[in-house]
Amino acid sequence: DKGPYRHYMLKEIFEQPTVIADTLEGRIHDGRLLESCFGVGASALLDQVRQVHIVACGTSYHAGLVARYWLEELGVPASVEVASEYRYRDPVIAPGTLFVSISQSGETADTLAALRGAKARGCLGSLAICNVPESSLVRESGLVLMTRAGREIGVASTKAFTTQLVALRLLSIALGRRHALTLEREQLLVSELTALPAQVEAALALNKDIERLAEAFADKHHALFLGRGTQYAVAMEGALKLKEISYIHAEAYAAGELKHGPLALVDPTMPVLCVLPDNALQEKVVSNLQEVRARGGELFLFADAGLDVHFEGSGVHLLRVGPVSDSIAPVVFTVPLQLLAYHVAVLKGTDVDQPRNLAKSVTVE
Ligand code: M6R
């Protein structure tokens, strides 16, 4: 039932504050993570983890890319790869490797094959971050951390992604404890997670503004999405959403890569979308954007409300998000990009919930 919403995708976008709260429920207490959320015997296994291999496809892969920054920041070595490559490589699985799969459906053929391969090569253990309890991935993994997004019907994944990020934040706390994470920092991270549903709610309040912004986007054929750090992965996810449902060709780049090629594409007909949270990289991103403006590129900027950013001239669309703390910014900044893709698709009249050529669950290679 879509309730008051025109499409399942919009309904699912608006469910995010609730399902994020559900995904945290009973897993944090008194400012700390409860490790029992990973299942029986998890703590003893986590003690032995030396590094993490994260493997997934599509949107779930983008969640993994964000998690790599989170894990490394806490001293945990991590690699991330799409399952369709990982399964056919000869990955070296060093002692102490935890294989982490991320999947909404738990039935993605490549992700399952990668899990089976990693087990055959003797990984220390496997953890599935998954949304479907009775799925193959859950059955075949040693540890499980369920996202509690509820059934996701829209082919374009939205609430599954943000709840995956929440689950991965919990995993990074668990492993971080065994590396560089202090008790004080854990308490801060947990309190920021607790604030997340309200922050996502505030991002959803931008819906009307984004609907207007979509009008400036709907006639485009191409777009560049930029970000740095965790927001590079957010940009990738935003570009994928736009591609999937609006059929506009969108490419995500790490903002620092701009001058290594894609800047040649920038002219007044090329929209450049950028996510700009308030963190140590923001000045670098702003200088990348100045290069875009110098070439007349139309800028769609989603910037943290606490930042003092100004770009002269017409062709700049500035939307304020937050202010939001860096540890949860990838979740919050994802929301306006989901809404933008949605409204552009509606304006273009595509089949939002069932985009052409795509299936909700990719159970064959
Ligand atoms: O069920 P999974 O999370 O394993 O699915 C992976 C991808 O097929 C999926 O995320 C796909 O990219 C979505 N359509 C993205 O919106």
Side-chain angles (χ1 to χ4, degrees), residues 19-29 31-56 59-81 83 96-104 106 111 114-115 118 123-131 133 137-138 141-149 160-183 185-194 196 230 233 326-331 334:
V19 295
I20 287 170
D22 291 347
T23 299
L24 288 170
E25 178 68 36
R27 292 168 170 179
I28 50 179
H29 180 69
R32 302 215 61 195
L33 165 77
L34 300 173
E35 276 181 10
S36 53
C37 70
F38 296 98
V40 185
S43 296
L45 183 89
L46 294 174
D47 284 345
Q48 300 171 58
V49 173
R50 295 290 162 267
Q51 65 274 322
V52 176
H53 282 190
I54 302 175
V55 174
T59 285
S60 301
Y61 166 67
H62 296 153
L65 288 177
V66 172
R68 178 174 59 196
Y69 292 90
W70 286 343
L71 287 160
E72 287 178 347
E73 193 183 86
L74 299 174
V76 184
S79 69
V80 191
E81 195 167 358
T97 300
L98 177 68
F99 179 90
V100 177
S101 61
I102 311 168
S103 175
Q104 187 287 125
T111 308
L115 165 65
C123 62
L124 169 73
S126 56
L127 165 70
I129 291 179
C130 189
N131 199 43
L137 200 69
V138 166
S141 298
L143 300 178
V144 173
L145 185 58
M146 296 307 302
T147 48
R148 297 176 183 147
F161 178 69
T162 47
T163 54
Q164 284 166 351
L165 289 179
V166 168
L168 288 160
R169 192 75 256 191
L170 297 177
L171 175 65
S172 59
I173 291 174
L175 291 172
R177 276 176 174 176
R178 289 151 170 95
H179 291 81
L181 181 64
T182 61
L183 174 61
R185 182 90 201 283
E186 175 171 341
Q187 285 169 333
L188 179 67
L189 291 176
V190 168
S191 75
E192 288 169 348
L193 272 175
T194 312
L196 193 49
T230 54
D326 197 35
S327 79
I328 53 166
V331 182
T334 294

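Of all heavy-atom pairs between Arg68 and Val80, the closest is CB-CG2, 3.6 Å. Closest of all the heavy-atom pairs between Val138 and Pro133 is CG1-O, 3.2 Å. Across every non-hydrogen atom of Ser126 and Gly142, the tightest pair is OG-N, 3.0 Å. When all heavy atoms of Ser101 and Thr111 are compared, the closest pair comes out as CB-CG2, 3.9 Å. For the pair Leu65 and Ala233, the tightest heavy-atom approach, listed with the atom from each and the gap, is CB-CB, 3.7 Å.
For the atom pair Ile54 CD1 and Glu81 CD, the distance stands at 12.0 Å (nearest 0.5 Å). We find the OG1-CD1 distance between Thr23 and Ile28 to be 11.0 Å, quoted to the nearest 0.5 Å. Here the straight-line distance linking atom OG1 of Thr147 with atom CD1 of Ile20 works out to 11.5 Å at 0.5 Å rounding. Rounding to the nearest 0.5 Å gives a distance of 4.5 Å between NE2 of His53 and OG1 of Thr97. Note: Leu193 CG to Arg27 CZ = 12.0 Å, rounded to the nearest 0.5 Å. Once rounded to the nearest 0.5 Å, the distance linking CG of Leu183 with CD of Glu186 reads 6.5 Å.
With sequence neighbours excluded, the residues satisfying ring-ring contact (aromatic ring centres under 6.0 Å, His included) with Phe99 are Tyr86.
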Identify every side-chain donor-acceptor pair in residues 162-175 under 3.5 Å, counting partners at least two apart or on other chains, and give the distances.
unit_1 : atom_1 : unit_2 : atom_2 : d
Thr162 : OG1    : Gln16  : OE1    : 2.7
Thr162 : OG1    : Lys159 : O      : 3.4
Thr163 : OG1    : Lys159 : O      : 2.8
Thr163 : OG1    : Ala160 : O      : 3.0
Gln164 : NE2    : Ser60  : OG     : 3.0
Arg169 : NH1    : Ser327 : O      : 3.3
Ser172 : OG     : Leu168 : O      : 3.2
Ser172 : OG     : Arg169 : O      : 2.8

Validation: residues 35-46 side-chain donor-acceptor distances under 3.5 Å, sequence neighbours left out:
unit_1 : atom_1 : unit_2 : atom_2 : d
Glu35  : OE1    : Ser43  : OG     : 2.5
Glu35  : OE1    : Arg178 : NH2    : 3.0
Glu35  : OE2    : Arg177 : NH1    : 3.0
Glu35  : OE2    : Arg178 : NH1    : 2.7
Glu35  : OE2    : Arg178 : NH2    : 3.4

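Side chains of Pro330 and Trp70 form a contact here, defined as non-hydrogen atoms less than 4.5 Å apart. For the pair Ile129 and Val100, the minimum side-chain heavy-atom distance is below 4.5 Å. Residues Thr59 and Gln104 are not in side-chain contact: their nearest non-hydrogen atoms beyond the backbone lie 4.5 Å or more apart. The shortest distance between side-chain heavy atoms of Leu115 and Val55 does not fall below 4.5 Å.
Although no hydrogens or angles enter the test, the distance criterion places no donor-acceptor pair under 3.5 Å between the side chain of Arg185 and the main chain of Leu74. Checked by atom type and distance alone, the side chain of Ser141 never pairs as donor or acceptor with a backbone atom of Val144 at under 3.5 Å.
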